[in-house]
Amino acid sequence: MAAGTASGTAVEVVDLATTPLRELNQRLHDLAGGKEGPTHWRVLNPRGAHAVACGLDAEIDIEIDGHVGYYCAGMNQLANVCVHGSASTGLAENMMSGTVVIEGSVSQSAGASAHGGLLVVHGDAAARCGISMKGVDIVVRGSVGHLSGFMAQSGSLVVCGDAGEALGDSLYEARIYVRGEIAGLGADCVEKELRAEHVAQVRGLLERAGFDDVDPSSFRRYGSARELYSFKIDNAY
Amino acid sequence: MTIFDEQAQWRPGLRESYLFDRNAIAEIQRAAREGIYDIRGFGAKRRVPHFDDLLLLGASISRYPLEGYRERCDTNVVLGSRFASKPIELKIPVTIAGMSFGALSAPAKEALGRGASEVGTATTTGDGGMTAEEREHSQTLVYQLLPSRYGMNPDDLRKADAIEVVVGQGAKPGGGGMLLGHKISDRVAAMRDLPQGIDQRSACRHPDWTGPDDLEIKIGELRELTDWEKPIFVKVGATRTYYDVQLAVKARADVIVVDGMQGGTAATQDVFIEHVGIPTMPAVRLAVDALEELGLHRQVQLIVSGGIRSGADVAKALALGADAVSIGTAALVAMGDNSPEFEQEYRKLGSSAGFYDDWQAGRDPAGISTQDDELSGRFDPVLAGHKLANYLRVLNLETQTLARACGKSHVHNLEPEDLVALTIEAAAMARVPLAGTDWIPGVGEHGS
Amino acid sequence: MCGIVGLFAKSPAIEESLGRHLAAMLAQMSARGPDSAGVAVYRNPVTSGSKLTLYSRDTLYDWDALCGQLDGAFGGATVPSVRASHAVVLVEADAAEAEVWVRRNFPDLRVMSAGSVIEIYKEVGRPEVFSEQFSLADFQGTHVLGHTRMATESRVTTEGSHPFSTGLDLCLVHNGSLSNHNRLRRTLQRDGIEFHTENDTEVAAGYLAWKLREGASLEQALEEGIEDLDGFYTFAVATADGFAVLRDPIACKPAVLAETDDWVAMASEYHAIAVLPGADDARVWEPEPGIVYVWEKAAV
């Protein structure tokens, strides 16, 4: 085990170059329900492996050194995950609580169908960021790709950079805030007035994300026009 | 006068068009009034080739039957033996298909659990998540992962006995879920994270994977999430079934569920139900061909659904090579759907017992496909569970009766050679000979 | 469905070890594509005449006899290498002419590629086995494309494997599934393009060949493909000078690019890139949908 942090907590180091992923995930799963075990973990050499640290259900901190593949931190509960690298599809998909922070960029469907917790992307997110989100808060320092916020039901998506085509297509009650350019709005997604309570919400999210240098009042707010909420002649498709 | 008598009134000179019959005309008139497609429940209603067009060859001189009761005819099925450390064991080869809480009332889901558990089989959640009632009353519960991901969470994932990745269903292969506003009650809305009273639209593709190569990675994640304990099923609506089954196998599924075009739905466009997908009977054959070609028949299990009504349907599906069948519509009927005791109320809704398919409307007098508290309050889950259990027992007994007549000590020993066809279409689709002949259309004289 | 890998050397060291890296990348993609594998290697350009790669189902095929016939017909032919079921043939003739001659006179052989520098090898079976059979690790060259296949709607055959050669020194690999390829195939057939499989990728390859024949540049052809080809795809196309990557506008199929001072790499999943030297410090990014990305030797 490596030397501890400033608080004296020991860090459990697992090297995926020599340890099977199954073993890492099993050890992490065994901590569920408040069981005894290391609370600080460091994972080395993920080298694009899939499903790293998925299904966590404990108040632990994990740092992952390198790029991960698909579904890293999938269905995360309670844990704090930090990826020092980039991620492929589905980072933090269906997360329930806890935080996932990634220093690099993410591929598609980051935070897909996530119910809670906080996802922070320091780089860019690709297409479908926050697709089908159900309560998660997502903050992206860079830009997001097309169809971000597609069918987003609840929660918040804050984009400090630009957004791609069809932003918020078929949006329900989730809130989308974008600071940069928008390539295009999706069906039923409209710009809405940014009021004091929204600025406060964005400020709070930016603070939690650690992006203190971004001005919360420089965003525009997007929400559902609610025209698709009932099947009507004009929107049957 | 019953609704049949009314329809039978005929006068000289009245000749109905085949193309523009009363249903076609009524639908055009409805479309002209409402300006939107017809959304309804139930499965395909028009006649397509089905198991009725196949017959079993019972024993006589060349084969010997088994005595009922004393000589065993086993019906147990193991699902998930390929990769899961905790496969599922069923006592009978019939399971309850996925039907959502939302489409069905909570007491209905409870009753399904009770009935299935009474006879030792499984139920399946639906496009809305796992209810506490169903988990509590269902001894073996399969948890569906659908494109919408409504209610999906890791705690329920771990409480489940198996996980079913739903690519599609037979009523609408390529379509997504649908639940209309009157059925989005407080509880349904909360479970699905939607505003109350809206018309729910579901995505038709999964949010975080598309294609069998990425499905394989998703299945890998599900296994990691559940520590490789639980069987992973993949469900498809029957279309290009041969390829779909091969791909699901390559994506490393444990069990494949194939739902033929006759499969039921709670709410889908009528044109989708009637005109997309292939019938269950050829789908079974295609699926088994795919598994046999990969050398994995029986090792990757096959469950088929879509129009299973009696033990004859079960036996024939098993003879074609399925490991088990699943029922949806039949289970609801067993529990009281379309029962004649509600005829007066069906009439008020513009329908009649045996015809009622407006399950999307949420006004079901039987209290099954509704979220209305008054209507669902009429539904007694204990009684309904028992009726379902009775029906499941009958299905099983009928299957055993037919299997014994064919000399089988396990229902899985039924094989295609125990079948003949009554029609050319059925012979070609099931790849069994036309009764009384050696002829299988499309197959050469010396085999395929 | 499938896995794609591509590697473009920017330094002599990588050119020398190109095959070794290709084999390592391909192995990482075997889960996505367990049915068959194929590679297009760009190496040993001819100074005169042309190069063909030929395939025979008969593993004991008499390539020398074929060589003799070619020599007789064109006044110069050699078979510098045979790997498993494939042979590289050099002939003193225009590539298109030589290809037509082989197809006409040896219908039992399959012309896998034709040009001045390209060599295509493809076979059914697991990628690891393929790598061994074809001694991939030996290859040196300027760039390679590789593909591992999970057949969706057509049979698993050698001919159905990717890369598909679309023209001289040109090839295509595909991850995804097209939805309008059947009608498009018939249209292209009426315009003289030949097809040998039921495969959707072959139609995309034929479409590119047709566009190029009509005078489009590779970039234009791919851009027009965005309109004309319906379905989901990540395409990687290689030419004598480099390669191109295109994702359809909906972009459900994955793609990742990476670059260092020594190489540019492309793959369906990052862990195929992770095996390359210096991958940890590479610039890694995802190509945007609906945009044609091109790398060429002159520009790099």
Side-chain angles (χ1 to χ4, degrees), chain A residues 21-22 24-26 29-30 32 50-57 69-72 74-77 88-91 93-96 108-116 128 130-135 147 150-151 153-155 170 172-174 224 226 228-237, chain B residues 31 33-39 129 145-158 176 178-182 184 189 191-210 213-214 216-229 267 269 360:
Chain A
L21 176 71
R22 179 82 285 271
L24 167 69
N25 281 342
Q26 187 67 61
H29 294 168
D30 289 343
H50 303 308
V52 176
C54 70
L56 303 182
D57 190 7
Y70 291 36
Y71 313 132
C72 177
M75 300 214 185
N76 185 52
Q77 285 197 121
S88 298
T89 302
L91 175 72
E93 66 91 13
N94 221 103
M95 167 164 63
M96 306 301 292
Q108 312 202 51
S109 305
S113 74
H115 289 253
R128 303 182 179 85
I131 179 174
S132 193
M133 53 197 272
K134 296 170 171 49
L147 281 166
F150 175 65
M151 290 194 150
Q153 295 170 227
S154 60
S170 301
Y172 286 98
E173 293 300 311
S224 177
R226 305 189 179 103
L228 297 182
Y229 276 22
S230 300
F231 283 126
K232 297 194 297 282
I233 299 168
D234 296 331
N235 64 47
Y237 60 88
Chain B
R33 268 195 324 275
E34 298 177 13
I36 188 166
Y37 36 54
D38 181 29
I39 296 172
L145 181 87
L146 296 109
S148 68
R149 307 290 167 88
Y150 292 131
M152 171 52 58
N153 70 81
D155 295 331
D156 287 343
L157 201 72
R158 290 177 178 127
M178 199 188 267
L179 192 64
L180 300 188
H182 355 263
I184 311 266
M191 271 188 80
R192 299 189 185 206
D193 223 315
L194 292 169
Q196 204 198 342
I198 62 158
D199 291 332
Q200 170 227 300
R201 319 147 247 151
S202 276
C204 62
R205 293 198 311 268
H206 280 261
D208 59 356
W209 67 268
T210 305
D213 40 13
D214 292 330
E216 183 176 346
I217 304 175
K218 187 66 185 173
I219 289 178
E221 184 206 7
L222 293 170
R223 293 202 192 278
E224 280 299 312
L225 287 166
T226 55
D227 298 328
W228 286 73
E229 288 177 354
Q269 299 90 329
Q360 80 292 349

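Residue numbering restarts at 1 for every chain, and letters A, B, ... go by the order of the sequence lines. All figures in this text were calculated on a predicted structure; none of them were measured in a lab.
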Contact origin within A:D57 toward chain B - heavy atom pairs under 4.5 Å: side chain

Residue among A:R226, A:R128, A:M95, A:H115 with most heavy-atom pairs under 4.5 Å to chain B: A:H115

CG on B:L157 to CG on A:N94, rounded to 0.5 Å: 9.0 Å

Interchain contact, A:R22 with chain B, by part (heavy-atom threshold 4.5 Å): both

Residue among A:M96, A:Q77, A:M75 satisfying side chain to side chain contact (heavy atoms under 4.5 Å, CB included) with B:N153: A:M96

Chi angles and distances behind the side chain to side chain contact (heavy atoms under 4.5 Å, CB included) call for A:H29, B:R158: CA-CA 11 Å; A:H29 294 168; B:R158 290 177 178 127; 4.2 Å; yes

Part of A:Q108 lying under 4.5 Å from any heavy atom of chain B: neither

Atom pair OG/NE2 of A:S113 and B:H206 - distance to nearest 0.5 Å: 10.5 Å

Interatomic spacing from CG in B:D208 to OG in A:S88 - rounded to 0.5 Å: 12.5 Å

Distance, nearest 0.5 Å, that separates OG of B:S202 from CE of A:M151: 6.5 Å

A:K134 and B:M152, any side-chain heavy atoms less than 4.5 Å apart: no

Contact check, side chains of A:Q26 and B:E224, non-hydrogen atoms, under 4.5 Å: no

Side chains of B:I39 and A:F231 in contact at under 4.5 Å (non-hydrogen atoms): yes

Any donor-acceptor pair under 3.5 Å from A:S132 side chain to B:P207 backbone: no

Portion of A:Y172 that has a non-hydrogen atom of chain B nearer than 4.5 angstrom: side chain

Residue pair A:S230 / B:D199: nearest heavy atoms and the distance that separates them: CA-OD2, 3.1 Å

Between CZ on residue B:R223 and SG on residue A:C54, distance to nearest 0.5 Å: 13.0 Å

Cation over ring face, B:K218 and A:Y70, 6.0 Å, 45°: no

Contact origin within B:P195 toward chain A - heavy atom pairs under 4.5 Å: side chain

Flag side-chain contact, heavy atom, 4.5 Å: A:T89 against B:W209: no

Atom group of B:R192 that falls short of 4.5 Å from chain A, counting heavy atoms: backbone

Greatest number of heavy atom pairs closer than 4.5 Å to chain A - which of B:L194, B:I217, B:I198, B:D214: B:I217

